[in-house]
Amino acid sequence: MERVFKYTGTESTLEVDLNSDSGKFIFKGESRPENAVTYFEPILKWLKEYYELSKTSSVNVLVDFDLEYFNSTSYKYILDIFKILKEISLIENMTLEIIWKYDAMDLDILESGNDFAKWADIDVKFVAK
Amino acid sequence: MDYECLTMLSTRNYISLFDADYKLIINYEGVLTYDKMNEVLRNIKSLKFKNKDLFRRVYTVASELLDNVYRHSKPDSYSSSFALYVSQENYRVLTINPVAKVKSNVINDVQLINSLPEDSLKNHFMNKINSSEIDERGTIGVGFDLIRLKSKGLLLLSSMQKGEDEFLIVDVKVKF
């Protein structure tokens, strides 16, 4: 697998920066891609490969979500990302922390973060911007 | 599309049938491309809202409705319409687009969505998100659920027949 996975953000797609060396994963911006399948599937593939790799050589992982808006199809994929993160967090000796940033005036994003945490059954630290 | 049909199906004429108290803020009529969708959403971002929550709800409803028009309009067909109105009490988002046929399962789904209280609808939505697969159009069919959740109002769905062509009209009020 590639050690680093990157998407440059646009007005309708997220900035994504996944680094297997540092264990820092960043998802930032707005998500309503024209083709959600071709946009999100490579992200899921990379995370699944990272999960396999982490079984033998784990580092601590910090996941930073700083989302402005995501549409209903992205909702599905972000939940899939959370489910893989849950699997990674269950690896022995693995420490994984998820930070979910939200605008204190925009409780919608906070509510969505709570939904993902609940449905993936994983702890999330909520941080008001 | 002939002029008579365009006139009948414009969002302005549609809303004039129901309420004269709405002020038009954004209107688009034409074949909806992805770039045009981005432009309409940029225009919404440039508007002033009372608070961020209201902006977020209007933006979500508009984004989902535009996506619905973009993905489900009958290909190589007539123009679609999008309009955003405001009154003293709410915003109103309207779309009119040509479809091959308004499917009965869509009507049934909207009836169910409209009938559910908020807590049940949230569970309904998350269950679909959790268990549904992406279809060939790249969606999972939860846009109307999300629209109802964010608008906190009912989804009004209707259709209009013009010759052999059918048009879907979706009308959503977003309460202040």
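Every chain is numbered from 1, with letters handed out A, B, ... down the list of sequences. The figures that follow rest on heavy atoms only: side chains count, while hydrogens, waters and symmetry mates do not.
With values rounded to the nearest 0.5 angstrom, A:L47 atom CG is found 5.5 Å from A:I88 atom CD1.
B:Y85 and B:Y22 have perpendicular rings, their planes meeting at more than 60° on a 0 to 90° scale where under 30° would count as parallel. Ring pair A:Y102/A:F126 is perpendicular by interplanar angle, where above 60° counts as perpendicular and below 30° as parallel. In this structure, A:F82 and A:F65 have parallel ring planes: the angle between them is below the 30° cut-off, well short of the 60° mark.
For A:Y7 and A:Y39, the distance between ring centers is under 6.0 angstrom.
Only the side chain of B:K122 comes within contact range of chain A, judged by heavy atoms closer than 4.5 Å. Of the atoms belonging to B:F55, not a single heavy atom falls under 4.5 Å from chain A. Heavy-atom distances place no part of A:D80 under 4.5 Å from chain B, backbone and side chain included. With a 4.5 Å cut-off on non-hydrogen atoms, A:E30 touches chain B through its side chain but not through its backbone. For a residue to count as touching a neighbouring chain, one of its non-hydrogen atoms must lie under 4.5 Å from one of that chain's; by this rule B:N68 does not touch chain A. Proximity to chain B is limited to the side chain of A:L79, based on heavy atoms less than 4.5 angstrom apart.
For the 3.5 Å distance criterion, the side chains of A:Y69 and B:S63 qualify, holding a donor opposite an acceptor.
Ion pairing between a basic and an acidic side chain is recognised when a charged N comes within 4.0 Å of a carboxylate O; B:K175 and B:E89 show no such pairing.
Ranking B:K150, B:M37, B:R57 against chain A, the residue ahead of the rest is B:K150, based on heavy-atom pairs under 4.5 Å. Between chain B and the residues A:V37, A:D115, A:N71, A:N35, the most heavy-atom pairs under 4.5 angstrom are made by A:D115. If you tally non-hydrogen atom pairs under 4.5 Å between each of A:M105, A:K83, A:K76, A:K118 and chain B, the highest count goes to A:K76. Contacts with chain A were tallied for B:D145, B:I147, B:N130, B:D53; B:N130 has the most, counting heavy-atom pairs under 4.5 Å.
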